[in-house]
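Step one of this worksheet: look at the structure below.
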Amino acid sequence: MAQPTFTTHLGMVDILPGEVEKWQTIERIIREEAKKFNFDEIRTPIMEQTELIARGVGQLTDIVSKEMFAFERGEDHYVLRPECTAPVARAFVEHHLEQRGGTQNLYYIGPMFRAERPQKGRQRQFHQFGAEIMGADDPAADVDIIAFMMAIYNRIGITNTTLKVNSVGDPESRKAYKKALQDYFRPNLSKLSEISQKRFETNPLRILDSKEDEDQPFIEDAPIITDFLNDETAEHYAKVKELLNNLEISFEEDPHLVRGLDYYTRTAFELISPDLGAQDALGGGGRYDLLVEEIGGQHTPAVGFAAGIERLLIACEELGIELAEEQKLDIYIVTLGEKARKWALSHLPKLRNAGLSASIDYIGRSMKAQMKDANRENARYTIIVGENELNEGKFTLRDMKASEEESLTFEEILDQLATD
RNA sequence: GAGCUCGUAGCUCAGUUGGUUAGAGCGCCAGGUUGUGGCCCUGGAGGCCGUGGGUUCAAAUCCCAUCGGGCUCCCCA
């Protein structure tokens, strides 16, 4: 096939009719669950200041160091948002949302952008939904965030997942742990992979996340963060696990779970699916008690999650979950001749105002072609309008499924359809 | 940034050791019924075989390059 003149950019895809209905279903479920969990929607711009993302997500992360779609215009530095927690935190600070009182429970749905090589479950423009609880230090918030996330997957029917949890510690615990890790790796530093050697100084925690073969034997026996948590953090983590158990949300502790965004503190979690291929994380999140301060706000402990919609769709596909029903059209008006067309155009609004979906042929096709079209559109009824019908003031209402016809006035047709 | 792999009709794909005007199924359009869909039958439209170059009497087929897609590593959703 010859390549068309214009195509989408690499890793950016059109969501076409037939597919988009699945997205609508997912979005509807997210909104319904959000309502149950008392989360309010927030919509932030697609572009943010580059510096916000750099400071929020972390200068050394892959996201910031090599995956940003960023450009300058005059004095301004724009970046297509690669995630939505930093933008939500920014909005929180900018609009003093804490003044609304209590904690802020916010959720979002929208496109994110990262300049990576696309593969299964990974696009350059991808879509996340997520939620944040801002202003709560209590483990109850961590658990409600997880419960919210799980509720959405349960509603959709994706239940064969594994929830992994860990605590990545507060700054004090992290400092102690970082030192312990460095002490542990130092004797074997030269045997580690190149990447891990680089991370040794900056962020040794990330070594634990490495999938390089040569690192594995060292990672296995590495000290684990949970042994270095201070009392307060350990207690918080214990509480989170206890509450998860109370809610009968099953989980696995994974002491090596480290998240790739720098803002995480204490609770971290990830939801894994066996149906996804190489990119097996449906969603993940955790606490980010320091982010709001980092970007210039008051100290605001917070916890959140983000999840990928494309991956959710892949999982549904694998599990054979039907997300969208066939679209149905209530009425297709089949017209024969100019007069009939005129009649149809003047009566379409009456059908539509009555809450019915209704359509006609625009391009003067034969009756047979119109019937075929009506069939393709899954029309429940056709109204057939020709010379005879116009003269008599009675129209042929055809029930497409039953293949039965009646001759009725337009008012009678409206009545009948209204009772359906 | 690196590796593997694939580019033939709108879609899914055949195309035998290089050999006349490149095929099928589905889809689309039309006819079979001058006013009736789904099933069936018939016909039609739609391809410079991703692009460029080379080898050859002859290339979808062999060689080189290039562009594009998919998957994977890294990392994340």
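As a basis for the values below, the full set of heavy atoms in this structure was taken, side chains included, without hydrogen atoms, waters or symmetry mates. Residue numbers begin at 1 in each chain, while the letters A, B, ... track the order of the sequences.
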Quiz item: Tell me: CZ of A:F129 to P of B:A77, nearest whole Å?
Solution: 13 Å

Quiz item: What's the CG-C1' distance between A:L16 and B:G10, to the nearest Å?
Solution: 12 Å

Quiz item: Taking the same atom, P, in B:C63 and in B:U42, what whole-Å distance lies between them?
Solution: 41 Å

Practice problem: Could you walk me through whether A:E252 and A:V165 pass the side chain to side chain contact (heavy atoms under 4.5 Å, CB included) test, one step at a time? | Solution: CA-CA 6 Å; A:E252 281 178 15; A:V165 301; over 6 Å; no

Quiz item: Heavy-atom contacts under 4.0 Å between residues 45-64 of chain A and RNA chain B, which residues?
Solution: A:D62

Practice problem: Return the set of residues passing side-chain hydrogen bond (donor to acceptor under 3.5 Å, both in side chains) with A:R311 (not counting sequence neighbours), or none when no residue passes. | Solution: none

Quiz item: Taking the six-membered ring for Trp, is the centroid-to-centroid distance between A:F305 and A:F269 below 6.0 Å?
Solution: no

Quiz item: B:A30, B:C74, B:G69: which one has an atom nearest the side-chain heavy atoms of A:L10?
Solution: B:G69

Report each atom pair, protein N/O against N/O of nucleotides 2-6 of chain B, whose distance is under 3.5 angstrom.
none

Exercise. Compare every heavy atom of A:M149 with every heavy atom of A:L163, then report the nearest pair and how far apart it is.
Key: CD1-CE, 4.2 Å

Quiz prompt | Nearest-angstrom distance, P atom, B:A45 to B:C29 | solution = 16 Å

Practice problem: Starting from the 5' end of RNA chain B, give me the residue, A:R122 or A:G11, whose nearest nucleotide shows up first. | Solution: A:G11

Self-check item: Side chain proximity check, A:R380 to A:L329, heavy atoms < 4.5 angstrom
Solution: no

Exercise. Using the P atom as the reference point in each nucleotide, state the distance between B:A65 and B:A22 in Å, no decimals.
Key: 29 Å

Exercise. For B:C40 versus B:U21, give the span between their P atoms, rounded off to a whole number of Å.
Key: 35 Å

Quiz item: Could you state the NZ-C1' distance from A:K120 to B:C75, rounded to the nearest angstrom?
Solution: 18 Å

Quiz prompt | Neighbour count >12 (heavy atoms, 6.0 Å) for atom CD, A:E317 | solution = no

Quiz prompt | Value in whole Å for how far the C1' atom of B:C67 lies from NE2 of A:H9 | solution = 16 Å

Quiz prompt | Atom P, compared across B:A9 and B:G50: separation rounded to whole Å | solution = 8 Å

Quiz item: Tell me: CD of A:Q119 to C1' of B:C71, nearest whole Å?
Solution: 7 Å

Self-check item: Results of salt bridge (charged side-chain N to carboxylate O under 4.0 Å, His left out) for A:R122 - residues two or more places apart only
Solution: A:E116

Exercise. Using Watson-Crick or G-U wobble pairs with both distances under 3.5 Å, give me RNA chain B in dot-bracket, 5' to 3', with [ ] for crossers and | for pairs to another strand.
Key: (((((((..((((.....[...)))).(((((.......))))).....(((((..]....))))))))))))....

Practice problem: For the residue pair A:P204 and A:K178, establish whether any side-chain heavy-atom pair is separated by less than 4.5 Å. | Solution: yes

Quiz prompt | B:G1 versus B:C57 - spacing of their P atoms, nearest Å | solution = 43 Å

Quiz item: What heavy-atom pair brings A:Y153 and A:G283 nearest, and what distance separates the two atoms?
Solution: OH-N, 4.4 Å

Quiz prompt | A:Q279 side chain near B:C73 phosphate (N/O to OP1/OP2, under 4.0 Å) | solution = yes

Quiz item: To the nearest angstrom, how far is A:I363 atom CD1 from B:C28 atom P?
Solution: 13 Å

Exercise. To the nearest Å, give me how far apart CE (A:M149) and C1' (B:A77) are.
Key: 11 Å

Practice problem: Using the P atom as the reference point in each nucleotide, state the distance between B:C49 and B:C62 in Å, no decimals. | Solution: 15 Å

Exercise. Check every strand shown and say whether A:E83 touches a base, only sugar-phosphate, or nothing at a heavy-atom separation below 4.0 Å.
Key: nothing

Quiz item: Taking all atoms of both residues into account, what is the closest heavy-atom pair of A:T44 and A:A91, and its distance?
Solution: CG2-CB, 4.4 Å

Self-check item: Over 12 non-hydrogen atoms of neighbours within 6.0 angstrom of NZ in A:K36
Solution: yes

Quiz item: Considering residues, nucleotides and ligands other than A:Q49, do more than 12 of their heavy atoms fall under 6.0 Å from its CD?
Solution: no

Exercise. Record whether the side chain of A:E116 comes under 3.5 Å of the base of B:A77 through a donor-acceptor pair of N or O atoms.
Key: yes

Quiz item: So what does A:G121 touch, heavy atoms closer than 4.0 Å: a base, only the sugar-phosphate, or nothing?
Solution: base

Quiz item: Just wondering, more than 12 heavy atoms not from A:K239 lying within 6.0 Å of its NZ?
Solution: no

Quiz item: Within this structure, what is the CD-to-C1' distance between A:Q128 and B:C75, rounded to whole angstrom?
Solution: 14 Å

Quiz item: For the side chain of A:T382 and the backbone of A:I384, is there at least one donor-acceptor N/O pair under 3.5 Å apart?
Solution: no

Quiz prompt | Sequence-aligned protein contact record of nucleotides 32-37 of chain B, with B where the base is within under 4.0 Å of a protein heavy atom and S where only the sugar-phosphate is | solution = B--BBB

Practice problem: May I ask you to say what A:I309 touches in the nucleic acid, namely base, sugar-phosphate or nothing, with a heavy-atom cut-off under 4.0 Å? | Solution: nothing

Quiz item: Which part of the nucleic acid, if any, lies within contact of A:A374, taking any heavy atom under 4.0 Å across all strands shown: a base, the sugar-phosphate backbone alone, or nothing?
Solution: nothing

Quiz item: Under the side chain to side chain contact (heavy atoms under 4.5 Å, CB included) criterion, do A:Y288 and A:E132 qualify, and how do the steps go?
Solution: CA-CA 10 Å; A:Y288 49 96; A:E132 320 288 351; 2.5 Å; yes

Quiz item: So what does A:Q370 hit on the nucleic acid, given a heavy-atom distance under 4.0 Å: a base, only sugar-phosphate, or nothing?
Solution: nothing

Quiz prompt | Pairwise distance CE(A:M47) to OG1(A:T50) - rounded to 0.5 angstrom | solution = 10.0 Å

Practice problem: Sticking with atom C1', work out how far B:U61 lies from B:U17, rounded to a whole angstrom. | Solution: 11 Å

